[in-house]
K.L.:
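The structure under discussion is supplied below as structure tokens; questions concerning it will follow.
Excluded from the calculations below are hydrogen atoms, water molecules and symmetry mates; all remaining heavy atoms, backbone and side chain alike, are included. Each residue takes its place number in the sequence, starting with 1.
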Amino acid sequence: MEFLNGKGVVYTPVKDVDLGPYSTEFYLQANVKAPRMTGLLVKIFTHLLECPILGTLLLFILKGNNLIHRLITNAEFKESPLFVPLHDFEGLKEKEVKCLDSSLSPPEKVQLALDCLPKSSEKTLDGTNSSFCRWTIMDYAKAYRSGDITPSLVAERFIAAIDESTKPPLQMGFFIHYSADDILKQATESTLRYQRGEPISLLDGVPVAIKDEIDCLPYPTTGGTTWLHKERPCSDDACCVKRLRLCGAILVGKTNMHELGSGTSGINPHYGPARNPYDTNKIAGGSSSGSASLVSAGLCPVALGVDGGGSVRMPAALCGVVGLKPTFERIPNEGVLPLNWTVGMVGILAGTVEDALIVYAAISGEIPYHKTFSVSTKINLPRLSLTKSISDIKLAKYGKWFDDCSDDVRICCTKTLHMLQDHYSWKIIDVTIPEIEAMRLAHYITIGSECSTALDSFKEKNFAELGWDVRVAQSIYGAFSGLEYLKAQKMRNRQLQFHKKIFAEADVIVSPTTGVTAYQIQDDALQTGELDYVNGAALVRYSIAGNFLGLPAVTVPVGFDRLGLPIGLQFIGRPWSEATLIHLAFAMQAICMSEYRKPELYYDLLRRKNSSNGMSFDAK
């Protein structure tokens, strides 16, 4: 058995590792040795892990069998630890961009983003489009300016849709908290501004949802638990929420999430699973599950999430929407639950790349009076009308890693990547990214240790109130030693050096976003949650570098599997290169948009007043 093997890997110095296409570096697939557990089995396993002596032995065996001892605990590193993935701003040169003045107000930044958008495509409010596309922020603003539809009418439709979605047979699990009165109040204020001809910005009256890991008044911030808001009351908006409120956005509530972000399915035993609008029997993905599901179902053009291990990009890909995770510290974390402070970052889920850009412009930039780190940066916005003119883009692809996914995902992503290459004459460069599985384990140690530490003062009182799957996760997180955390940070430094070498030769790294598409929500998981580390490893396979190394990344929908479930393609960029990533995502979206499909469950909030109730539900 692996846990009996005390030997650790002796890592070759970074300078001696070949990152070329013919490297002899071995690609190690995820070595997950843990059965799926739910119900009574997960309860028994939880109690065993929480036994002082037996639990310690079981955790030692689990870590050994899953190669943590060999690849991290007992490994030998030449590198020093890197505790925070903060990047210098080295005058990055990006193509076809407009620099954003950091002194501008959020509404002024939104206006600058608007100036970067291409001319709008032909689309009418009667829904007669050549292919399916969700209503955008621009569509809402045009509808409001025309007077045919008001923010108050949209709010009423939104509330009716949410009320309907909470009941059988749907039970979509979009929200943890929302207030019809607060939504209507905001909508009335927005409607009056439009009637006076004084909307604050393009976002005025646009519904925006907030993950329940981000402070947003008047709601508590639960982190998906039943108790955390009692220990940490919400007294103010998070910085990113304040900026959206200053733009006039209607903040519609706190979305469902995997409890404490400690899972990838979005199944929350307290608030129900967030369901996938493309198949309501499938997961939405986690942990920003409710945000992804809402955007996919047409209820919001955009929502905020937090991405600690793919938690924005993964559900975005599974639900067929865009997910943008900016560079570490690009968006202030003030007012976000400090569950994983060196890997977790606020991200954006949107129906289109253009909408992701608008919200990115609104909420990005350091807080002038509160600099956590002393790095001065500038923000570039991509001039999307000029994306077609960009040449000489180089996309790094690690073939063995790229292909380590289901056949449907591999075929779809390979096909669309070649289409992108052919359409723009951009170049694909074959590379090797070593030790990806070791990086996944080092990230797991890091995010787990930070989450466990953040909750230490609350655990004794509230541990029993956690879902059973999260109790298991917390037991594992608490078993990581200081030495293991230290060595994980050495792996972080090592991997950052590898990625810097690759970015010296290429503009971005390209991969699928997830290794599998959305899987079935099993009834036995609804009360206890589920432990499914095999599917979990497949879902996070391509996400880790963005979080562990603090790199920006974006996922864009590129197709569907044989069951009609969405597939996403991911671009990972150099630090601070969000503009380049958005350019590439926009180019990819333009190629794939004609093949986009309407979800099984979709709400049309901008329908004309005399049309039907706006819900589309196509039973399979």
K.L.:
Using residues 344-353 as the side-chain source, report each donor-acceptor pair under 3.5 Å to any protein atom, sequence neighbours left out, with the distance given to one decimal.
P.N.:
residue, atom, partner, partner atom, Å
Thr352, OG1, Asp355, N, 3.1

K.L.:
Checking Phe548 now: which residues fulfil ring pair (Phe, Tyr, Trp, His ring centres under 6.0 Å) with it, not counting sequence neighbours?
P.N.:
none
K.L.:
Consider only side-chain N and O atoms of Asn256 and Arg275, and report whether a donor and an acceptor are under 3.5 Å apart.
P.N.:
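There is no such pair (donor and acceptor under 3.5 Å, judged by atom type) between the side chains of Asn256 and Arg275.
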K.L.:
Using the side chain to side chain donor-acceptor pair (under 3.5 Å) criterion, which residues pair with Asn333? Sequence neighbours excluded.
P.N.:
none
K.L.:
Residues two or more places apart in sequence or in another chain: which of them pass side chain to side chain donor-acceptor pair (under 3.5 Å) with Gln589?
P.N.:
Glu354
K.L.:
With sequence neighbours left out, what residues match Phe402 under ring pair (Phe, Tyr, Trp, His ring centres under 6.0 Å)?
P.N.:
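Counting only residues at least two positions away or on another chain, Phe402 forms no ring pair (Phe, Tyr, Trp, His ring centres under 6.0 Å).
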K.L.:
Just checking Lys388: does its NZ atom have more than 12 heavy atoms from other residues, nucleotides or ligands closer to it than 6.0 angstrom?
P.N.:
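At most 12 heavy atoms, drawn from other residues, nucleotides or ligands, come within 6.0 Å of this atom.
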K.L.:
Counting only pairs under 3.5 Å, give me each side-chain donor-acceptor contact of residues 505-512, with atom names and distances, residues two or more places apart or in other chains.
P.N.:
residue, atom, partner, partner atom, Å
Asp507, OD2, Lys394, N, 2.7
Ser511, OG, Gln570, NE2, 3.1

K.L.:
Check whether any side-chain N or O of Glu94 sits under 3.5 Å from a backbone N or O of Thr580 as a donor-acceptor pair, and report yes or no.
P.N.:
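Present.
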K.L.:
Indicate yes or no: does Lys282 engage Asp279 in a salt bridge with an N to O separation below 4.0 Å.
P.N.:
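Yes, this pair counts.
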K.L.:
Under the side-chain contact (heavy atoms from CB on, under 4.5 Å) rule, collect the residues that match up with Ala537, sequence neighbours excluded.
P.N.:
Ala30, Val32, Arg440
K.L.:
Tell me whether the rings of Phe503 and His499 are parallel (<30°), tilted (30 to 60°) or perpendicular (>60°).
P.N.:
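Rings of Phe503 and His499: tilted, as their planes differ by 30° to 60°.
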K.L.:
Just jot down the side-chain contact (heavy atoms from CB on, under 4.5 Å) partners of Leu496, sequence neighbours excluded, or say none.
P.N.:
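Leu496 satisfies side-chain contact (heavy atoms from CB on, under 4.5 Å) with Leu82, His87, Lys500, Leu549 once adjacent residues are dropped.
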K.L.:
Who are the side chain to side chain donor-acceptor pair (under 3.5 Å) partners of Asp392, not counting sequence neighbours?
P.N.:
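Residues passing side chain to side chain donor-acceptor pair (under 3.5 Å) with Asp392: none at all.
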K.L.:
Suppose we screen for side-chain contact (heavy atoms from CB on, under 4.5 Å). Which residues come up paired with Tyr27, at least two apart in sequence or across chains?
P.N.:
Gln29, Tyr398, Lys400, Trp401, Asp404, Ile436, Arg541
K.L.:
Please name all residues satisfying side-chain contact (heavy atoms from CB on, under 4.5 Å) with Asp101, sequence neighbours left out, ordered by chain then number.
P.N.:
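Testing Asp101 for side-chain contact (heavy atoms from CB on, under 4.5 Å), a comparison that skips the adjacent residues, returns Ser103, Leu104.
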K.L.:
Strictly below 4.0 Å, N to O, side chains only: are Asp403 and Arg410 in salt-bridge contact?
P.N.:
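Looking at Asp403 and Arg410, the cut-off is not met.
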K.L.:
Taking only residues two or more places apart in sequence or in another chain, which ones pass side chain to side chain donor-acceptor pair (under 3.5 Å) with Lys211?
P.N.:
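Glu213, Ser287, Ser288.
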K.L.:
Quick check: does any side chain N or O of Thr136 sit under 3.5 Å from a backbone N or O of Asp139, one acting as donor and the other as acceptor?
P.N.:
yes
K.L.:
Do Arg313 and Tyr542 have side-chain atoms, one donor and one acceptor, less than 3.5 Å apart?
P.N.:
no
K.L.:
Indicate whether any N or O donor in one side chain lies under 3.5 Å from an N or O acceptor in the other, for Ser201 and Asp204.
P.N.:
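Judged by distance alone, the side chains do not pair up.
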K.L.:
Side-chain donor-acceptor pair under 3.5 Å between Ser131 and Ser594, yes or no?
P.N.:
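No - no donor-acceptor pair under 3.5 Å links their side chains.
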K.L.:
How about Trp135 and Asp604: does a side-chain donor come under 3.5 Å of a side-chain acceptor?
P.N.:
yes
K.L.:
Under 6.0 Å between ring centres, would you say that holds for Phe158 and Tyr603?
P.N.:
no
